[in-house]
Amino acid sequence: MATAKVSKSSKWFSNKTLRLSLHRRRSKSSSTATSPESSPSPPRETARRPHEEMKEVFRYFDGDDDGKISALELRAYFGSIGEYMSHEDAQMVIDELDSDGDGMLDYQDFLKLMKVETRDEDDLKKAFEMFELEKGSGCITPKGLQMMLSRLGYAKSYEECVAMIQVYDIDGNGVLDFHEFHQMMA
């Protein structure tokens, strides 16, 4: 039951969005790090552990540094990356994940959301690999799509598969990479 609730709210927390926020945070810290005292920062940056990165992402959401993420802070974060989030949606995310009932997300609540998001991403990668005609190629070809759809009981012509791929083929190369597949599945 809890997993179903988390899945509804996780639409707001795609890994792409988190990577974007991490990239922005790193860019800001590296562009402002010009003093000699800050020179040890790059080696620490490359040796970062996932836990440290999650803490950094959490701090980015936690605008007032109180150790909690409020609905207002969620909305502010999504506004900063150009995505509108209504107050109702923000409150829904808080309500679904808030373990202590204080109306805010603490770090542990945030980690639960990220674990579900990571599992979802892993499942999507496995699905992508099933559609690869040549394993490890990193792309889904019309032939690979046709074969997998046929195995699933959906007979499609090669031309239909080409047309299906064209809809999501952002770079126009005639195949789907993982990013394009992710967009298709969203």
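- Put simply, the side chain of Glu180 gets close to the backbone of Asp171: a donor and an acceptor are under 3.5 Å apart.
- Residues Ile140 and Val162 are members of separate hydrophobic clusters, defined by side-chain heavy-atom contacts under 4.5 angstrom among Ile, Leu, Val, Met, Phe, Trp and Tyr.
- For Tyr84 and Phe78, the distance between ring centers is not under 6.0 angstrom.
- When all heavy atoms of Ala155 and Glu160 are compared, the pair lying nearest together is O-OE1, 4.5 Å.
- Hydrophobic clustering of Ile, Leu, Val, Met, Phe, Trp and Tyr side chains at less than 4.5 Å, counting indirect connections, unites Leu145 with Val167.
- In the hydrophobic clustering of ILVMFWY residues, with side-chain heavy atoms under 4.5 Å counting as a link, Leu133 and Leu149 come out apart.
- When hydrophobic clusters are built by joining Ile, Leu, Val, Met, Phe, Trp and Tyr residues whose side-chain heavy atoms come closer than 4.5 Å, directly or via intermediates, Met130 is grouped together with Tyr154.
- Scanning all heavy atoms of the two residues, the minimum distance from Gly174 to Pro142 falls at O-CD, 3.7 Å.
- Scanning for side chain to side chain donor-acceptor pair (under 3.5 Å) contacts around Ser99 gives Asp109, with sequence neighbours left out.
- Legend: residues meeting side-chain contact (heavy atoms from CB on, under 4.5 Å) with Gln146, ordered by chain and number and at least two apart, are Lys143, Tyr158, Cys161.
- With rounding to the nearest 0.5 Å, the separation of CG in Leu105 from CD1 in Ile94 is 3.5 Å.
- Asp98 is not listed as a side-chain neighbour of Met104, based on a closest heavy-atom distance of 4.5 Å or more.
- Using a 4.0 Å cut-off between charged side-chain N and carboxylate O, Lys55 and Asp62 make no salt bridge.
- You'll find the side chain of Glu132 stays beyond 4.5 Å of the side chain of Thr141, heavy atoms only.
- The local environment of NZ in Lys135 is crowded, with over 12 non-hydrogen atoms from other residues, nucleotides or ligands closer than 6.0 Å.
- Minimum interatomic distance between Gln91 and Gly103 (heavy atoms only, all atoms of both residues): NE2-O, 4.5 Å.
- To the nearest 0.5 Å, atoms NE2 (His182) and CG (Leu176) are separated by 13.5 Å.
- Between the CE atom of Met85 and the CG atom of Leu72 there is a distance of 12.0 Å, given to the nearest 0.5 Å.
- Paired with Phe178 under the rule ring pair (Phe, Tyr, Trp, His ring centres under 6.0 Å), one option of Phe128, Phe131, Tyr168 passes, and it is Phe128.
- A heavy-atom distance below 4.5 Å is not found between the side chains of Tyr77 and Glu83.
- Distance check: Leu74 CG to Ile69 CD1 gives 6.0 Å after rounding to the nearest 0.5 Å.
- For the atom pair CZ (Phe58) and CD (Gln108), the distance works out to 9.5 Å, reported to the nearest 0.5 Å.
- Residues Lys68 and Glu73 share a closest heavy-atom pair of O-OE1, 2.9 Å.
- Met164 and Val175 end up in different hydrophobic clusters when Ile, Leu, Val, Met, Phe, Trp and Tyr side chains are linked at under 4.5 Å.
- By the 4.0 Å N-to-carboxylate-O rule, Asp65 lies too far from Arg59 to be salt-bridged with it.
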